[in-house]
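Encoded as structure tokens, the structure appears first; notes follow it.
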Amino acid sequence: MKRDKLIDFLIKPPMWFNVIIWTVGTIAIAASQTLYFLGLGLKLWALPVHIVALVFLILSVYAVLTVVGVTKRAKNSPKLKRFFSSYSVRAFVYTAGSIIFNTCYVVFGIIIANLEQSLWLGVLVGYHVFLIIPRAIVFYKKHRGKGTREVQNVRAYAYCGFALMLLALAVIPVIRMVFNDHNTYNYFVSSIIYVNAIAAYTFTKLGIAIYNLRRVRNNADMSLKAIKNVSFADALISIYALQAMMLKELNTGLDPLAHTLNPTMGGLLALGIFALGMYMLITGVKKLKAMPAEDADEPESDAETTDRQNEPEQQTEPTTGSAVRIEERADVQS
């Protein structure tokens, strides 16, 4: 299969490919350092050189790992095999990564918002806090909840729906600041480059979110559906923020349209996310009520099951009638 061939190539690429990576990486890093030495490192046109240098530096380190055999040994790891073979495992690994990324964004966002005295960045930080909550709830309920696995998944789905309703309310301050034309701050590069980079990232995220929604549509794992719904809601908010940023920063001359379009789309966005969360909450509660009551109890632990299986079977004493019949059969045989 093409996928297996690609994995094998990434785990053990040919030496000529590694040589190309190391050569291009060395040239790019040397060019980046030369620009800084000449005092041109902070120029706008030098930014692509720095990006290429960083990318090939990472690839060069990875190439070294393939040569010494680290990637080949990692391929035989049971956890890594499970990661590549199970879509659900990959989804929850990505969810954990999203939680870490959003947490880092919140921490650095608070610092930058205070340094820049930017209320807009502060509002975005608040939105990301409420974006962490539903993912964290699903992750916790999936792995630490009580009851059977199915009950854990349905509870995660229902609680995630409630968290999405809170997320819809947290988006309202963002919409209000967009309406009041306060969605701006100083970019470290030109606004055009920044908007284009955010646009590429946002549309890629939306496409992946829609693809994942279609993929889990018929999946029985409710927790998996929950995290994909959160990713879809996140992508919708990113699209709205991109629209507001483009209408403001690119000076398109469409101020009257932006004044009408931004609050309208924002209101529909918040209403849609709230409706999605309410649907998940109601659906999850109905499924929980339809389940047997004993399924909601805490399952027996593995240690308790092992102890019970290792207990010797108790010998019961025969009743008086049984003992008499046994003695009679013994006399007949004798």
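The figures that follow rest on heavy atoms only: side chains count, while hydrogens, waters and symmetry mates do not.
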If you take all heavy atoms of Thr66 and Lys12, which pair is closest and at what distance?
O-NZ, 3.4 Å
One should read off an interatomic distance between His128 NE2 and Thr103 OG1, to the nearest 0.5 angstrom, of 11.0 Å
Take Lys205 and Ser231 through the side-chain contact (heavy atoms from CB on, under 4.5 Å) test and state the conclusion after the steps.
CA-CA 8 Å; Lys205 182 167 69 172; Ser231 297; over 6 Å; no
Please round to the nearest 0.5 Å and tell me the distance separating atom CZ of Phe56 and atom OG1 of Thr23.
10.5 Å
Any donor-acceptor N/O pair, Asp234 side chain to Val230 backbone, under 3.5 Å
no
Walk me through whether Gln152 and Ser223 qualify under side-chain contact (heavy atoms from CB on, under 4.5 Å).
CA-CA 8 Å; Gln152 292 176 6; Ser223 62; over 6 Å; no
Honestly curious: do Leu57 and Val52 fall in one hydrophobic cluster under the side-chain, below-4.5 Å linking rule?
no
Over all atoms of both residues, closest heavy-atom pair of Gly277 and Met165
C-CG, 3.8 Å
Are any non-hydrogen side-chain atoms of Leu121 and Val125 less than 4.5 angstrom apart?
no
Enclosure of Phe9 CZ (heavy-atom neighbours >12, cutoff 6.0 Å)
yes
For Ala270 and Ile175 the tightest heavy-atom approach is CB-CD1, 4.1 Å
Measure the OG1-CZ distance between Thr95 and Phe139 for me, rounded to the nearest 0.5 Å.
7.5 Å
Can you check whether Met280's main-chain N or O pairs, donor with acceptor, with Thr283's side chain at less than 3.5 Å?
no
To the nearest 0.5 Å, how far apart are CG in Leu167 and CD1 in Ile133?
9.0 Å
Atom NZ of residue position Lys287 - does it have more than 12 heavy atoms of other residues, nucleotides or ligands inside 6.0 Å?
no
Quick one: pull up CD1 in Ile273 and CG in Leu169 and give me the separation to the nearest 0.5 Å.
10.5 Å
With side chains defined as the heavy atoms from C-beta onward, is the minimum distance between Met15 and Val67 less than 4.5 Å?
yes
Under a 3.5 Å distance rule, please check whether Tyr140 uses its side chain to pair with a backbone N or O of Ala156 as donor and acceptor.
no
Hydrophobic clustering (ILVMFWY, side-chain heavy atoms < 4.5 Å, transitive) - are Leu271 and Tyr240 grouped together?
no
Please tell me whether Ile112 and Phe101 are part of a single hydrophobic cluster in this structure, the criterion being side-chain heavy atoms less than 4.5 Å apart.
no
Does the side chain of Val171 come within less than 4.5 Å of Phe130's, by heavy atoms?
no
Would you sort out whether Thr202 and Leu206 count as a side-chain contact (heavy atoms from CB on, under 4.5 Å), showing the intermediate values?
CA-CA 6 Å; Thr202 301; Leu206 179 62; 5.6 Å; no
Are there more than 12 heavy atoms of other residues, nucleotides or ligands under 6.0 Å from atom CZ of Arg90?
yes
How about Met265 and Leu269: do any of their side-chain heavy atoms sit closer than 4.5 Å?
no
Exercise: do Tyr127 and Asn102 side chains pair donor with acceptor under 3.5 Å:
no
Taking C-beta and beyond as the side chain, do Tyr157 and Asn153 meet within less than 4.5 Å on heavy atoms?
no
Closest heavy-atom contact between Tyr36 and His50?
CE1-CE1, 3.4 Å
What about Ile172 and Ile132, same hydrophobic cluster or not, with Ile/Leu/Val/Met/Phe/Trp/Tyr joined at side-chain heavy-atom distances under 4.5 Å?
no
Kindly give the heavy-atom pair with the smallest separation between Pro13 and Asn18, and that separation in Å.
CG-OD1, 3.4 Å
To the nearest 0.5 Å, tell me how far Ile99 CD1 sits from Ile227 CD1.
9.5 Å
For the residue pair Ala168 and Phe274, what are the closest heavy atoms and their distance?
CB-N, 3.6 Å
Side chain Thr26, main chain Trp22, donor-acceptor under 3.5 Å:
yes
Pair Leu213, Arg217 - check side-chain contact (heavy atoms from CB on, under 4.5 Å), show working.
CA-CA 6 Å; Leu213 278 182; Arg217 181 177 54 184; over 6 Å; no
In terms of heavy-atom contacts, does CZ of Phe162 have more than 12 from other residues, nucleotides or ligands at under 6.0 Å?
no
Is the closest side-chain heavy-atom distance between Tyr62 and Ile21 below 4.5 Å?
no
Please check if Leu65 and Ile58 belong to a single hydrophobic cluster, counting links between Ile, Leu, Val, Met, Phe, Trp and Tyr side chain heavy atoms closer than 4.5 Å.
no
